[in-house]
Each structure stands twice: as C-alpha cells, then as structure tokens.
Amino acid sequence: MGATTSCCVSSSPKLRRNAHSRLESYHQEPELSREETGCNLQHISDRENVDELNMEYNPSDHPRASTIFLSKSQTDELPSRNVREKRKSLFINNLTHIVESKHGTARRKHSSCSTIFLDDNTVSQPNLKYTIKCVALAIYYHIKNRDTDGGMVLDIFDEKLHPLSKSEVPLDYDQHDPEQKQIYRFVRTLFSAAQLTAECAIVTLVYLERLLTYAEIDIGPGNWKRIVLGAILLASKVWDDQAVWNVDYCQILKDITVEDMNELERQFLELLQFNINVPSSVYAKYYFDLRSLSESNNLNFPLEPLSRDKAQRLEAISRLCDDKYKDVRRATKKRSASMDNLCGVRWVPAILS
C-alpha cells in the first residue's frame, strides 16, 4: 500500500501543482540589449546586403556598368571627316571583306550564300594578336584621357622609385604620354615570353580597371608599366592552370628582382581587396566592348572565308547545343495552336561550296 500511495502521489497532477506552488514565483527577466551583453556583431543579413547602386558604378564587378575605357575613348572630339571615315569603315567591316588585288588596289568582296567571310575571334577563343592590340588601345585611352586633377600616386607603381631597367629614368618621365605602339610592344613582349592566352589579356584589363576604381588612382606616364605588369602577373596566375612564376618575369625583365615582384603582387592584391573573381557576364562585356573599341578605331579583325571544315565544326557545335536544349523546348512547346499560327519556323540548311 505504501508503494501504491507513493506512486499515486507522484502521478497526481493536483499534488504536482501543490508541490510547485511551494517554489518561489518565477519572474521573467527583460531581454538584454546587444550593447549590454557586449555582443556587437553584425547580423549576417546585414553583412550580405550589398549596395547595388555602388556596384553599378564599378564595371569590373557589375555587368550592367559601362566599361571605363570605352567611355574614355568616346571623349575625344573628332573632326567630321574622321567621323565619316569611321562610319564608312564600320559599314565595310560588317558587310564586306577587303582584299588586295594584283595591281595593289583594294577590292571589296561581299559575303554570299556560298561564301561567308568571318573572323576567328570569338568570346570563348579570342584572337591573341588583335586582343592585345585592343587592350593596349584601351590602356592608351586610360592614360590619355585621365583626370587632370590627378589621383593618388602610390609608390609601388612609381617607375622612378621602382625602375624596370637599369637605364636612368628621365626627369620628365611622368610628363609625356606613351604612344599606343609603345604600350602594345610592352604587353606583347610579356605575353609572348610568358606564353599567355588572349583570355588572360581581357582579365588583365578587368583587374586594371578594378584597381583604378578600388584604389581611386589614375594611370599615367609614370606608373602605367608597373600597373600593367601587376595586372598581367595576377591575371596569369588566376586564369592559367600552369601559371608563370614571379622569378620567370625576372628573366623577361632582366633588371627587376624577385622581391620587387612579390611586393608588387602583394600590394596589388591588397588594393583589389583580394577580389579576383571575374564573372562570365563581366568577361563577356569587356570582350564585346573591346570589339566595339576596335571597330570605332579602324582596328579591323582579319576576315577569312568560311571553309568546309570550319563549317562542319560549327554545325557539330550547333547540333550539340540543339540536342542539349531539345527537352527544354519540348517542355515549353504549346500543346495546341490556333489557325492563325499554322506557319511555324522552318530551318533550312545552308549550301556551302
């Protein structure tokens, strides 16, 4: 009976309430603020909330922001005669192919159904030579149309403090703008010696404009070589699987030391805030803006007739894409159609001679 009584007592809700009533009454304490607890950490939602308005002003991060080099190239006031010539050149480049005849006169050859003229420059496989020319032209416009007030000058990019050669730097080294050919020779030498790709040249331009935006500096006659060198150094390591080491650049530029290259790379990364990501949309934007820059400056890409082998390769690529998205088109296809839409789109194969 005693065991039974104890069991009943412990299981009785009335007795449990009486037992709890003997305890002190519980008073809910007010919640402590973030300052009182000493926890001033920012909430994750606040940290991940990116200001899109600021991103839109940075072309190296946002695909909708216009590139800086293209806007700077459009600030030059050209005579009406040059404008007419460039417009005429754009029309010719889009519709015709210029070949030299035996007598040395230019003969325009139009594309037809049997002969199509294309360039070998695509967004996935750009032409190396002409991409480097376009990048050099973009750097030239950066230097030529820089702000007259002058931005912040960093010692790591100053060629007077960190010369790339043992030859004496002239006193007016930062007064005369370099020519486009000089910039092209400097970039071409580095790309040829290091065996870099054309995609690396586009990424180099992205890093260059990102540096100018983040660090709020200008590229000028006295610092353009070291800025371009740092951008190429970083782009080659990010893009290429087998990157060129810093000591390899010391063999290309004989008078520079490894310690100088390491310090240049370190400060370049710090100024970029270690943001070396290049989205595909930003890469494509820079590629097409470089093409627009080349067309507006009569820098024509070489046009070649579409051969049978190249046409078969293009057809194979298009067939793969067609098979890839066939199920998607089938799912989105309407199950019924009205009498007004009986005529559908028909694909007709081109005849290549």
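Below, each value reflects all heavy atoms present in this structure, side chains not excepted, and no hydrogens, waters or symmetry copies.
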Answer yes or no: is there a side-chain heavy-atom contact under 4.5 Å between Leu233 and Phe268? no
When you compare the side chain of Tyr140 with that of Ser73, does any pair of heavy atoms fall below 4.5 Å? no
Atom of Pro59, atom of Ala65 and distance for their closest heavy-atom approach: CA-CB, 3.7 Å
With a 4.0 Å cut-off, would you call Asp177 and Arg146 a salt bridge? yes
Interatomic spacing from CD1 in Ile139 to CZ in Phe69 - rounded to 0.5 Å: 10.5 Å
Hey, does Tyr286 have a side-chain heavy atom less than 4.5 Å from the side chain of Val203? no
Under 4.5 Å side-chain linkage, directly or through intermediates, the cluster mates of Ile68: none
Could you pull out the closest heavy-atom pair between Ala235 and Thr204, with the gap in Å? CB-OG1, 3.4 Å
List the atom of Tyr287, the atom of Pro126, and the distance in Å for their closest heavy-atom pair. CE1-CB, 4.3 Å
Measure across Val169 and Pro163 and return the closest heavy-atom pair with its distance rounded to 0.1 Å. CG2-CB, 4.2 Å
Taking Asn127 for its side chain and Lys129 for its backbone only, find out whether a donor-acceptor pair lies under 3.5 Å. yes
Measure across Lys285 and His62 and return the closest heavy-atom pair with its distance rounded to 0.1 Å. NZ-O, 2.8 Å
Other residues, nucleotides and ligands only: do more than 12 of their heavy atoms fall within 6.0 Å of CD on Glu270? yes
Taking the side chain as every heavy atom from C-beta outward, state whether His142 and Leu212 have any pair of such atoms under 4.5 Å apart. yes
Would you mind writing out the side-chain donor-acceptor pairs for residues 180-197 within the sub-3.5 Å range, not counting sequence neighbours?
unit_1: Thr189; atom_1: OG1; unit_2: Arg185; atom_2: O; d: 2.6
unit_1: Ser192; atom_1: OG; unit_2: Arg188; atom_2: O; d: 2.8
unit_1: Thr197; atom_1: OG1; unit_2: Glu199; atom_2: OE1; d: 3.3

Output for pair (Tyr283 OH, Trp239 CH2), nearest 0.5 Å, gives 5.0 Å
With a 4.5 Å heavy-atom cut-off, do Val282 and Asp61 have their side chains touching? no
When you compare the side chain of Trp224 with that of Pro178, does any pair of heavy atoms fall below 4.5 Å? yes
Between CG on residue Leu205 and CD1 on residue Ile232, distance to nearest 0.5 Å: 11.0 Å
Atom pair NZ/CG of Lys133 and Leu290 - distance to nearest 0.5 Å: 14.5 Å
Please check this pair: side chain of Asn223 against backbone of Gly220, looking for a donor-acceptor N/O pair closer than 3.5 Å. yes
Using a 3.5 Å cut-off and no angle test, enumerate the donor-acceptor pairs between side-chain atoms of residues 250-261 and protein atoms at least two apart in sequence or in another chain.
unit_1: Lys254; atom_1: NZ; unit_2: Gln251; atom_2: O; d: 2.9
unit_1: Asp255; atom_1: OD2; unit_2: Lys166; atom_2: N; d: 2.9
unit_1: Thr257; atom_1: OG1; unit_2: Asp260; atom_2: N; d: 3.3
unit_1: Asp260; atom_1: OD1; unit_2: Arg226; atom_2: NH2; d: 2.9
unit_1: Asp260; atom_1: OD2; unit_2: Arg226; atom_2: NH1; d: 3.1

Linked, directly or transitively: Tyr214 and Ile276 (ILVMFWY side chains, under 4.5 Å): no
For the residue pair Leu264 and Leu229, establish whether any side-chain heavy-atom pair is separated by less than 4.5 Å. yes
If you measure from CD1 on Ile217 to CG on Asp147, what distance do you get to the nearest 0.5 Å? 12.0 Å
To the nearest 0.5 Å, how far apart are OG in Ser66 and CD in Gln74? 8.5 Å
Test item: His162 and Glu263 side chains (from C-beta on) under 4.5 Å apart, heavy atoms: no
Check whether Ile156 and Leu234 end up in the same hydrophobic cluster, where Ile, Leu, Val, Met, Phe, Trp and Tyr are linked by side-chain heavy atoms less than 4.5 Å apart. yes
Can any side-chain N or O of Lys160 pair as donor or acceptor with the backbone N or O of Tyr173 at less than 3.5 Å? no
State plainly whether one hydrophobic cluster holds both Leu269 and Trp245, where clusters connect Ile, Leu, Val, Met, Phe, Trp and Tyr through side-chain heavy atoms under 4.5 angstrom apart. no
Cluster question for you: counting only ILVMFWY and a side-chain heavy-atom cut-off of under 4.5 Å, with indirect links fine, are Leu164 and Leu161 together? no
Contact summary for Phe157 and Leu271, nearest pair of heavy atoms: CE1-CD1, 3.7 Å
Looking only at the side chains, is there a donor atom on one of Tyr141 and Asn297 sitting less than 3.5 Å from an acceptor on the other? yes
